[in-house]
Amino acid sequence: MGYLGWIIFFGVLLVATSASAGFIRRSPITAFALYLVAGAVVGPALLGLAAVAFDGDSTAWLRPATEMGMIVSLFITGLKLRLPFNDPGWRMAIRLALPGMALTVGGLCLVGHFAFGWPWPLALALAAILSPTDPVLASLVSVDDARDDDALRVGLSGEAGLNDGTALPFLVLALAWMTGEMSGDAGFWPHWFSVELGWDCVGGIGIGFLIGWGLGHIGTRLRHFAPGVAPSDFLALGIMALAYAGAEALHSSGFLAAFAAGVGLRRVEMGVTHGHPPVGKEDDADEARHEHSRARAPAELLVNPNERATSEANHPAQTVGWVVSDALSFGETMERLIGAAMVFLVGVAVLPRFTVDGVLLAVALFFVVRPAAVWLVTIRSGAPWQRRLLFGWFGIRGLGSLNYLAYALVHGLGGAQAQTAAAAVLTVVALSIVAHGASTTPLMNWRGRALAAQEAAGPDVKD
């Protein structure tokens, strides 16, 4: 199919999924599942119109492509989490992203070695690649906007924001084991613990937060003193780029930096809004309550993007509202676009590489390893058992796993092991898109009904 044919194909696909969005939301089929099927149809197993190779030389494009989607999505995820740092949602996210991640890697590594006979280095590499959850494809179970403080959504969003960075040290360890660097270098273990594990996480979070917070303050102040109608999406893009590049230049996690930059920019919004609440008439009790509600609302709700040309950001809360609103609008569009493109490519590549081992690995991950790891790390967390079960199930795999696969392919994973890894990863990601996507709507609807019933029963009943 020629260039014009592909443009027509993607145009029809995007129009079809957009026009049927309402039907898709009420059905077990997600838009990402449709992109996956479309890719499979045009792939080499069916129509043969497209093909994707997975080896060290042919996948050089995959890492930067997936990284762009991850950076944008992680930044937007952090920006949506409008919670104080002492909120229980952050503690739950840390439980899931740190000890939960380590247990998932360990459990999946054991399954890979003893159930499939893979060498320990390959089993560990695949465990690290498949353990992080995905912030891009988890849109139906992640935080909707800054007003969303649902404990399940907050925990899953925070986990997805953190664990894409915390999984990389385990992949580095596996690749060093595979290439012999781990046993041949006496200083490997001190370096791994201090740099790959310690500085990678702490440095990434610290650098990203400082850049997001600092540039957010500077950008907000400049736009307040010199207002204009131009959108602030380039400011958000600059913060993402500088956070990621700054962290990578200092040998720490760029993914964690992107997430922390979003959190830092949200701290700016919270500080400005709380320090300079919107003012207005308070002639009666209703008006006073309205103004109090406005003062506590996210700043992006104080501005109307449709009135940009006629609006004057003469209040600090309005100024930061424009900045955050533009960042969210730009980021969410880029996130959906890149996510759709990557899922389409998974569909193109998956059928020729679909394996029984990959299916069994997905079953072990979805139904045993991830739920068991989550159940263990949420003991004494105060979360009810229903929420703990949902945390265990909603471990969606996606762009993060593709990015780590690309990283491994260009850092020592090659030959037959590379083909084994690619087949397993593509199979698990495709099954995750279908299985988790199909179960999201009924499970979240069930939870919504349960929460409504519990709220009616009394405030002491937990979900």
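All values reported here derive from a predicted model rather than from experimental measurement.
- Arg397 approaches Leu130 most closely through the heavy-atom pair NE-O, 2.6 Å.
- Phe344 and Phe9 have tilted rings, their planes meeting at an angle from 30° to 60° on a 0 to 90° scale.
- The aromatic rings of Trp118 and Phe116 sit parallel to each other, their planes meeting at less than 30°, with 60° as the upper class boundary.
- For Phe85, the CZ atom is densely surrounded, since the number of other residues' heavy atoms within 6.0 Å is greater than 12.
- Between Trp192 and Trp189, the ring-plane angle classifies as perpendicular under the 30° and 60° cut-offs.
- Residues Thr104 and Val369 approach most closely at O-CG1, 3.6 Å, considering heavy atoms.
- Taking the charged nitrogens against the carboxylate oxygens, Glu159 and Arg370 do have a contact shorter than 4.0 Å, which makes a salt bridge.
- Within 6.0 Å of atom CH2 in Trp213, 12 or fewer heavy atoms from other residues, nucleotides or ligands are found, so the atom counts as exposed in its surroundings.
- Of all non-hydrogen atoms in Phe394 and Met444, the two that sit nearest each other are CE1-SD, 4.0 Å.
- For Arg147 and Glu300, the salt-bridge test fails: no basic side-chain N is under 4.0 Å from an acidic carboxylate O.
- Taking 4.0 Å as the cut-off between side-chain N and carboxylate O, Arg387 and Asp150 do not count as a salt-bridged pair.
- Residues Arg153 and Ser142 bring no donor and acceptor atom of their side chains to less than 3.5 Å of each other.
- For the pair Arg388 and Trp375, the distance from NZ or CZ to the six-membered ring centre is under 6.0 Å and the angle to the ring normal is within 45 degrees.
- With sequence neighbours excluded, no residue satisfies ring-ring contact (aromatic ring centres under 6.0 Å, His included) with Trp199.
- Listed here is the closest heavy atom pair of Ala45 and Leu351: CB-CB, 3.6 Å.
- Residues Ser432 and Ile396 share a closest heavy-atom pair of OG-CA, 3.5 Å.
- Between the Thr378 side chain and the Ser381 main chain, no donor and acceptor come within less than 3.5 Å of each other.
- Smallest separation of non-hydrogen atoms from Gly400 and Asp134: N-OD1, 3.2 Å.
- Taking the six-membered ring where the residue is Trp, His113 and Trp120 present parallel rings, their angle staying beneath 30° rather than reaching 60°.
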Audit row: Thr133, Asn163, side chain to side chain donor-acceptor pair (under 3.5 Å) steps and yes/no: CA-CA 7 Å; Thr133 56; Asn163 68 11; 3.0 Å; yes

